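What follows is a short report on a single structure.
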Amino acid sequence: MNLELIILGSSGAIPVKDRNLPGIAIRYGSEIIIFDCGEDIQRRFQQAGLKFNVPLTIFISHMHGDHVIGLPGLLFNFSLKDRDAPVKIYGPPSIFLYLFLHKKILGLFTPYDLEVNEIDLKNLKITRYNGLNSEIKQKEIDIIDNVLFENRRYMIKSTIVKHSVLTYAFSFVEKPRFGKFNPERARELNIPEGYLWKKLQNGKEIEFKGKTINPEREGIVEPKKAGRKITYSADTVPCESLIELGKNADILIHEATYDKSLEKIAKEKKHSTTIDAAEMAKKMNVKQLILFHFSSRYNNDKSIELLVNEAKEIFENTIGAYDLLKIELK
């Protein structure tokens, strides 16, 4: 399954000339997953070549404007394009009220199937609303093992991080993938093609001629391959909960709002420096660190390069995000 990471916004607090406010997209097969919706994300959505009518799940880390202001505009845009594919939204308590007021005051119209989920990790509950027509919640769902969303191919896990308001970090975790199927080995064992092969390809044991056949043990399929993992942390100071969430990720996307000389300001505002991000990446044992959410004071390539070089002193495989950067995870 193709997996592509796309940076839709890499600035923090204030957009600058070539950098929008935070937004990260994952294109996974025919699905799209978005973490945060900074101002004017709808334009970046289009520029990135993301399709406007495929299943979409959006996760909002916290209710600061630079991370959520673009969400109503994106939903408005969908309604103008006659979207009919479903949209699921997950965010902190009050995300439903935020969108409900846009409907009441600005006429936000969502003719497509919209589901809004308020995350309460403290009490391990999700409160679900269907559409924006009623303030009556549909149901409450228990959160197990910090999993917010799951299908047969991947899950989204979350944790609370340390910022000035309730803030979540997220991990996209692909489930282990089936190994390569060896049809010649199946033929050697005289297993006829058809539904038995289908079960074997899915890693399931079969009963054949009075014998239990394990596809991996018999060499019919290769061992399962570990799934890919992307961890996204918006605004935070270093914390143990994030380390646990992001362990062994292929990519960690971590804020680096300030350079190391502004450590005091970072702590006061509950943000991270380049050094904080690099040390977190090292503790998590990730493969690659992507810095983003840069303060507007770093408004040219040279200043971003300095930030990246600071982080590289601690974690070598570090790059700086820029808008519309695309990375394919093989």
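The basis for the numbers below is simple: all heavy atoms, side chains too, and nothing from hydrogens, waters or symmetry mates. Quick caveat, the model's predicted, so the values are computed rather than measured.
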(message) Please give me the minimum heavy-atom distance between T318 and A311, naming the atom from each residue.
(response) CG2-CB, 3.8 Å

(request) Can you sort out the partners of T231 under side chain to side chain donor-acceptor pair (under 3.5 Å), two or more places apart, ordered by chain and number? (result) S171

(message) Less than 4.5 Å apart, side chain to side chain, heavy atoms only: is that true for K175 and M155?
(response) yes

(message) Working to the nearest 0.5 angstrom, can you tell me the gap between Y90 OH and F170 CZ?
(response) 11.0 Å

(request) Taking atom types as modelled, find out whether T274 and D259 have a side-chain donor-acceptor pair closer than 3.5 angstrom. (result) no

(request) Not counting sequence neighbours, which residues clear ring pair (Phe, Tyr, Trp, His ring centres under 6.0 Å) with H102? List them please. (result) Y98

(message) Between D66 (side chain only) and G38 (backbone N and O only), is there a donor and an acceptor less than 3.5 Å apart?
(response) no

(message) Under a 4.0 Å threshold between the charged nitrogen and the carboxylate oxygen, would R228 count as salt-bridged to E174?
(response) yes

(message) If you apply the rule side-chain contact (heavy atoms from CB on, under 4.5 Å), what do you find for I275 with I314, and how did you get there?
(response) CA-CA 7 Å; I275 302 303; I314 295 169; 3.4 Å; yes

(request) Group every Ile, Leu, Val, Met, Phe, Trp and Tyr by side-chain heavy-atom contacts under 4.5 Å, then state whether F45 and I7 land in the same group. (result) no

(request) Any pair with a residue in residues 267-287 that passes ring-ring contact (aromatic ring centres under 6.0 Å, His included), sequence neighbours left out, goes on the list, sorted by first then second residue, please. (result) H163-H271, H271-H293

(message) If the condition is ring pair (Phe, Tyr, Trp, His ring centres under 6.0 Å), which residues does F292 pass it with, not counting sequence neighbours?
(response) Y232

(message) Quick check against the 3.5 Å criterion: does K283 have a side-chain atom that pairs as donor or acceptor with the backbone of E240?
(response) no

(message) Run the salt bridge (charged side-chain N to carboxylate O under 4.0 Å, His left out) test against K287 and tell me which residues pass, sequence neighbours left out.
(response) D250

(message) If only side-chain N and O atoms count, and only distance matters, is there a donor-acceptor pair under 3.5 Å linking H64 with D235?
(response) no

(request) Can you sort out the partners of K302 under salt bridge (charged side-chain N to carboxylate O under 4.0 Å, His left out), two or more places apart, ordered by chain and number? (result) none

(message) For the residue pair N117 / E115, report whether a side-chain donor-acceptor contact shorter than 3.5 Å exists.
(response) yes

(message) How about CZ on R43, more than 12 heavy atoms from neighbouring residues, nucleotides or ligands closer than 6.0 Å, or not?
(response) no

(request) For Y154, check side chain to side chain donor-acceptor pair (under 3.5 Å) against everything at least two apart and list the hits. (result) E31

(request) Can you establish whether the number of heavy atoms outside E188 located under 6.0 Å from its atom CD is more than 12? (result) yes

(request) Check for a donor-acceptor pair, side chain of S158 on one end and backbone N or O of A169 on the other, with a separation under 3.5 Å. (result) yes

(message) Determine whether E263 and K260 satisfy the following criterion, salt bridge (Lys or Arg N to Asp or Glu O under 4.0 Å), listing intermediate values before the conclusion.
(response) CA-CA 6 Å; E263 180 183 4; K260 63 183 180 182; over 6 Å; no

(request) Check the surroundings of atom NZ in K282: do more than 12 heavy atoms from other residues, nucleotides or ligands lie under 6.0 Å from it? (result) no

(message) So does L3 get a backbone contact from the side chain of R27, meaning a donor-acceptor N/O pair under 3.5 Å?
(response) no

(message) Can you confirm whether I290 sits close enough to I327 that some side-chain heavy atom of one is under 4.5 Å from a side-chain heavy atom of the other?
(response) yes

(request) Measure from the side-chain N and O atoms of T167 to the backbone N and O of H62, and report whether any donor-acceptor pair falls under 3.5 Å. (result) no

(request) Assess whether atom CD1 of I136 is packed by more than 12 heavy atoms of other residues, nucleotides or ligands within 6.0 Å. (result) no

(message) For F76, give me all partners under ring pair (Phe, Tyr, Trp, His ring centres under 6.0 Å), at least two apart in sequence or on another chain.
(response) none

(request) Kindly write out the residues that satisfy side chain to side chain donor-acceptor pair (under 3.5 Å) with Q46, not counting sequence neighbours, or none if the list is empty. (result) none

(message) Assess, by modelled atom type and distance only, whether the side chains of N300 and S303 contain a donor and an acceptor separated by less than 3.5 Å.
(response) yes

(request) Answer with yes or no whether the side chains of R83 and N53 bring together a donor and an acceptor at under 3.5 Å. (result) no

(request) Can you tell me which residue pairs pass the ring-ring contact (aromatic ring centres under 6.0 Å, His included) test with a partner in residues 294-326, sequence neighbours excluded? (result) none

(request) Tell me, yes or no, whether the heavy-atom count around K103 atom NZ, taken from other residues, nucleotides or ligands under 6.0 Å, exceeds 12. (result) yes

(message) For a 4.5 angstrom cut-off between non-hydrogen side-chain atoms, does K137 reach Y129?
(response) yes

(message) If I compare all heavy atoms of P72 with all of L99, which pair ends up nearest, and what's the gap?
(response) CG-CD2, 4.3 Å

(request) Quick one: list whatever passes ring pair (Phe, Tyr, Trp, His ring centres under 6.0 Å) with F208, sequence neighbours left out. (result) none

(message) If you count heavy atoms of other groups shown closer than 6.0 angstrom to CD1 of I14, is the number above 12?
(response) no

(request) With sequence neighbours excluded, tell me which residues meet side chain to side chain donor-acceptor pair (under 3.5 Å) with E313. (result) none

(request) Please report the closest heavy-atom contact between Y112 and D84, naming both atoms and the distance. (result) CB-CA, 4.2 Å

(request) Decide if atom NZ of K326 counts as having more than 12 heavy atoms of other residues, nucleotides or ligands within a radius under 6.0 Å. (result) yes

